[in-house]
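Keep in mind that the numbers below use all heavy atoms, side chains included, and drop hydrogens, waters and symmetry copies. Residue indices begin at 1 and follow the sequence shown. Note that the structure is predicted; figures quoted are calculated from it, not measured.
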Amino acid sequence: MRSNRATLRAGASMAATLPMIAGALALGIPAAHAADGPARDTLSGTRPAWATAKADKGATADSAQVSARVYLAGRDAAGLAQYAKSVSDPHSAAFGKYLSAEQAQARFGATEAQVAAVRSWLTAAGLKVTGTSRHYVSVSGDVAAAEKAFGTQLHNFAKGAKTYRAPAKSATAPASLDGAVLTVTGLDNAPHKAASKEQLPPPDAVFKNAGPFSSYYGSKTASSLPSAYGKKIPYAVQGYTGKQLRSAYGAGKFTGKGVRVAITDAYASPTIAFDAATYAKAHGDASWKTGQLRQVLPANYTKTEECGAAGWYGEETLDVEAVHAVAPAANVTYVGAASCYDDDLLDSLSKVVDNHLADIVSNSWGDIEANQTPDLAAAYDQVFQFGAVEGIGFYFSSGDNGDEVANTGTKQVDTPANSAWVTAVGGTSLAVGKNDKYLWETGWGTEKASLSADGKSWTGFPGAFTSGAGGGTSKTVAQPYYQKGVVPKALATANGAAGNRVVPDIAAIADPNTGFRVGQTQTFPDGSQQYSEYRIGGTSLAAPVIAAVQALAQEARGGKAIGFANPSIYSKFGSRVYHDVTDNPTGSGLAVVRVDFANSVDATGGLLTSVRSLGKDSSLSAVKGYDDVTGVGTPTKGYVESYKK
């Protein structure tokens with residue numbers, strides 16, 4: 001999750017620094033034969049980096065239970081990756097020649113014979129097949145059967161203060177399967193996964209903003225409070241509305257009519273229809289039409305306590321309301337995952353692709369790159385590639401912790417935004433002035449200093465870093481072709497001379513201090529559940545805003561899908577269709593005053609007054625040209641029009 005009030009996605013498999021995801025695995029191709037004999041193929045990346053000899057605590061009991069997924073490589077994994085590239089490249093003869101979901105499956109998906117062979121291999125080893133989809137065969141059984149099937153012992157390994165099960169060496173599959181297996185997940189169990197059937201909890205406790213507020217940037221100055229950067233500064237906005245964002249990013253006459261946008265998160269808000277309708281009416285957005293908002297949900301939910309299920313309600317609410325505010329005529333489908341774990345989130349993404357539920361998919365969730373293992377990266381990339389050949393584009397928020405050093409102690413990017421097959425959306429602080437006029441943006445990065453006890457100064461000004469747009473250079477993903485010649489060499493080669501993927505690709509409003517106003521049913525202190533509104537941000541906001549802008553762009557090109565957008569986004573670099581965002585757009589320091597309720601609901605617990613400096617994103621900087629906070633920049637009034645045929 002990317003909002004500043006929600007729970008992060010938990011990785012199904014966790015690791016330390018990962019090896020480069022390159023070559024065969026990056027394209028979704030099974031690796032070469034295992035070193036111990038020609039009869040089996042190695043499934044690279046299936047032994048997590050934390051499963052070291054030093055951490056080895058001995059063999060796992062044969063009777064311990066394992067649940068795993070064997071992902072299928074399909075008929076032509078290399079062909080899938082190549083076609084995904086060609087169909088997305090404006091310079092390719094195949095550009096825009098998308099396949100239907102059925103055509104993609106027939107051309108690249110697993111054959112019935114491949115599925116049957118994989119099932120036969122697994123059952124012969126003593127595992128029970130518990131499910132089969134277009135993408136994987138799921139199995140369960142004891143450790144002894146899993147070891148027989150995958151040609152590796154399972155041991156217990158120390159990871160921090162806990163102990164988890166993992167393969168002692170990379171898993172393998174019979175060479176006789178002729179490359180039918182892409183990878184296997186679930187052989188390691190970090191963290192532990194609950195399996196009980198659960199009910200969704202009620203809405204989270206209420207969160208409200210205190211005032212005073214600005215109605216637009218700079219409309220109300222904190223004249224009685226200390227100066228910052230040599231001047232009196234404005235109060236934070238109460239929260240921008242769709243009208244202001246549409247003006248800032250050049251929506252013009254376009255509304256997203258006829259375009260389908262999907263949103264994936266975990267769980268599902270029980271009040272989303274009411275909240276979205278109430279919010280639209282309150283802020284002058286077009287009313288939702290019958291069938292314009294629909295949900296595709298799992299039969300059961302799991303890990304609701306572990307994942308903080310109620311926290312995801314606000315994420316869904318933000319995503320739905322932001323998309324509708326910017327693209328009010330677009331059809332929105334919310335696809336909820338059964339939990340915040342990778343397998344369930346992958347299922348949600350696969351539902352979108354397998355049923356072509358939308359052409360544009362907004363995803364406001366993720367995790368640190370160190371928690372992404374190569375097996376899962378391969379499974380995600382395969383879904384993204386299938387989406388690309390169908391004309392589906394995936395947009396992922398880049399993260400809310402800047403370079404992640406303050407959060408994890410290690411400089412790193414977030415995932416799945418690091419995938420070369422998705423559009424990573426960075427974040428800005430946005431100033432919209434009187435009459436909805438775009439004033440400027442900075443890279444989102446916040447430093448906070450509180451008002452002194454005597455009210456005469458800001459303690460420790462400008463204060464400590466609190467949050468900022470994620471970005472930087474991947475350690476695991478090779479540099480994609482579309483970034484070459486645009487991303488500065490110093491960024492691309494920060495983690496290796498060969499060059500790596502740099503995040504983000506594009507950006508939009510994210511700073512919660514210049515954020516978006518949302519409306520949601522929340523639980524108040526007296527136990528009642530009431531609709532209320534608050535300002536929120538994070539790249540959780542940037543992703544649906546860019547997804548909505550892409551819906552406008554798709555409408556502008558006559559409704560033809562944009563698909564995987566990165567090649568097109570980078571081909572427009574340096575033109576007037578982007579605001580070239582920098583950290584210091586006005587030539588002097590920028591800040592806003594923010595007043596918060598100490599108890600998050602009302603003034604009975606007192607007020608907390610602070611100054612929030614803008615454009616201070618950890619070690620990341622928004623500079624002229626491409627940068628690792630805002631990518632190529634943010635859309636101008638010419639961006640949507642640039643997609644016209």
Could you give the distance from SG (Cys340) to CH2 (Trp312), rounded to the nearest 0.5 Å? 6.0 Å

So do Asp319 and Glu315 actually touch side chain to side chain, heavy atoms under 4.5 Å? yes

Using modelled atom types only, decide if a donor and an acceptor are shared between the side chain of Tyr570 and the backbone of Val486 within a distance under 3.5 Å. no

Measure from the ring center of Trp440 to the ring center of Tyr217 and say whether it is less than 6.0 Å. yes

Are side-chain heavy atoms of Glu641 and Phe254 found at a separation under 4.5 Å? yes

Rounded at 0.5 Å granularity, tell me how far OG in Ser419 sits from CD in Gln385. 8.0 Å

Side-chain contact, heavy-atom cut-off 4.5 Å: Ile263 with Glu316? no

Of all heavy-atom pairs between Ala542 and Ala508, which one has the smallest distance, and what is that distance? CB-O, 3.7 Å

So how far is it from Leu614 CG to Asn584 CG, rounded to the nearest 0.5 Å? 11.0 Å

Calculate, to the nearest 0.5 Å, the distance between atoms OG1 and OH belonging to Thr183 and Tyr136 respectively. 14.5 Å

Indicate the ring-plane relationship of Phe394 and Phe384, choosing parallel, tilted or perpendicular according to the 30° and 60° boundaries. tilted

Flag side-chain contact, heavy atom, 4.5 Å: Phe95 against Ser568: yes

Out of curiosity, Phe396 CZ to Thr539 OG1, how far, rounded to the nearest 0.5 Å? 12.0 Å

Out of Thr634, Leu552, Ile506, which residue meets the side-chain contact (heavy atoms from CB on, under 4.5 Å) rule with Tyr639? Ile506

Going through the checks in order, is the side chain to side chain contact (heavy atoms under 4.5 Å, CB included) test met by Tyr380 and Val422? CA-CA 10 Å; Tyr380 274 110; Val422 307; over 6 Å; no

Report the relative orientation of the aromatic rings in Phe564 and Trp421; use parallel for angles under 30°, tilted for 30 to 60°, perpendicular for over 60°. tilted

Lys/Arg cation over aromatic Tyr643: Lys572, 6.0 Å, 45° cone: yes

Assess, by modelled atom type and distance only, whether the side chains of Thr264 and Trp365 contain a donor and an acceptor separated by less than 3.5 Å. yes

Would you check if the side chain of Asn495 reaches a backbone N or O of Thr473 as a donor-acceptor pair within less than 3.5 Å? yes

Determine whether a donor-acceptor pair (N or O, by modelled atom type, separation under 3.5 Å) exists between the side chain of Lys411 and the backbone of Ser619. no

Would you mind reporting whether Leu430 and Leu245 have side-chain heavy atoms less than 4.5 Å apart? yes

When you measure from the side chain of Gln105 to the backbone of Glu102, do you find a donor-acceptor pair of N or O atoms at a distance under 3.5 Å? no

Please name the residue in the list Glu369, Gln412, Arg501 that meets the side chain to side chain donor-acceptor pair (under 3.5 Å) test with Thr476. Glu369

What closest approach, in Å, do Val549 and Pro635 show between heavy atoms, and which atom pair accounts for it? CG1-CG, 4.2 Å

Working note: Val545 + Phe516, criterion side chain to side chain contact (heavy atoms under 4.5 Å, CB included); need CA distance, chi angles, decisive distance, verdict. CA-CA 10 Å; Val545 167; Phe516 178 67; over 6 Å; no

Would you say the side-chain atoms of Tyr578 pair up with the backbone N or O of Ile569, donor to acceptor, closer than 3.5 Å? yes

Tell me yes or no: between the side chains of Asp375 and Thr46, is some donor less than 3.5 Å from an acceptor? no

Test item: Ser92 side-chain N/O and Ser86 main-chain N/O as donor-acceptor pair under 3.5 Å: yes

Does the Ser618 side chain pair with the main chain of Asp403, one donor and one acceptor, at a distance under 3.5 Å? yes

I need the minimum non-hydrogen distance between Val503 and Ser398, along with the two atoms involved. CG1-CB, 3.9 Å

For Asp511 against Ser429, the heavy-atom pair lying closest together: OD2-OG, 2.7 Å

Check: Arg535 side chain, Pro512 main-chain N or O, donor-acceptor pair, under 3.5 Å: yes

A side-chain contact here means heavy atoms from C-beta on lying under 4.5 Å apart; do Arg557 and Ile562 qualify? yes

With no hydrogens and no angle check, just 3.5 Å: does a side-chain donor-acceptor pair link Tyr395 and Gln550? yes

Side-chain touch Leu349/Asn363, heavy atoms, less than 4.5 angstrom: yes

Testing the basics here: between Ser362 and Ala543, what is the closest heavy-atom pair and its distance to 0.1 Å? OG-C, 3.6 Å

After noting the C-alpha distance and the side-chain angles of Tyr216 and Lys437, does the key distance pass the side chain to side chain contact (heavy atoms under 4.5 Å, CB included) rule? CA-CA 9 Å; Tyr216 56 83; Lys437 181 181 179 181; over 6 Å; no

Heavy atoms, side chains only, cut-off 4.5 Å: are Tyr71 and Leu346 in contact? yes

Would Lys243 and Arg246 satisfy side chain to side chain contact (heavy atoms under 4.5 Å, CB included), going step by step from the backbone distance to the final call? CA-CA 5 Å; Lys243 184 171 180 286; Arg246 282 176 54 80; 6.0 Å; no

Counting only N and O atoms by type, is there a donor-acceptor contact under 3.5 Å from the side chain of His135 to the main-chain atoms of Asp347? no

Pairing donors with acceptors under 3.5 angstrom, does anything connect the side chains of Asn500 and Ser474? no

Please answer whether the main-chain N or O of Leu357 pairs with a side-chain N or O of Asn355 as donor and acceptor at a distance below 3.5 Å. no

According to the interplanar angle, ranging from 0 to 90°, do the rings of Phe108 and Tyr83 count as parallel (below 30°), tilted (30 to 60°) or perpendicular (above 60°)? tilted

If you round to the nearest 0.5 Å, how far is CG of Asn407 from OG1 of Thr410? 10.0 Å

Minimum-distance pair of heavy atoms, taken over all atoms of Val623 and Asp580: O-OD1, 3.7 Å

Just checking, is any N or O donor in the side chain of Thr442 or Asp583 under 3.5 Å from an acceptor N or O on the other one? no

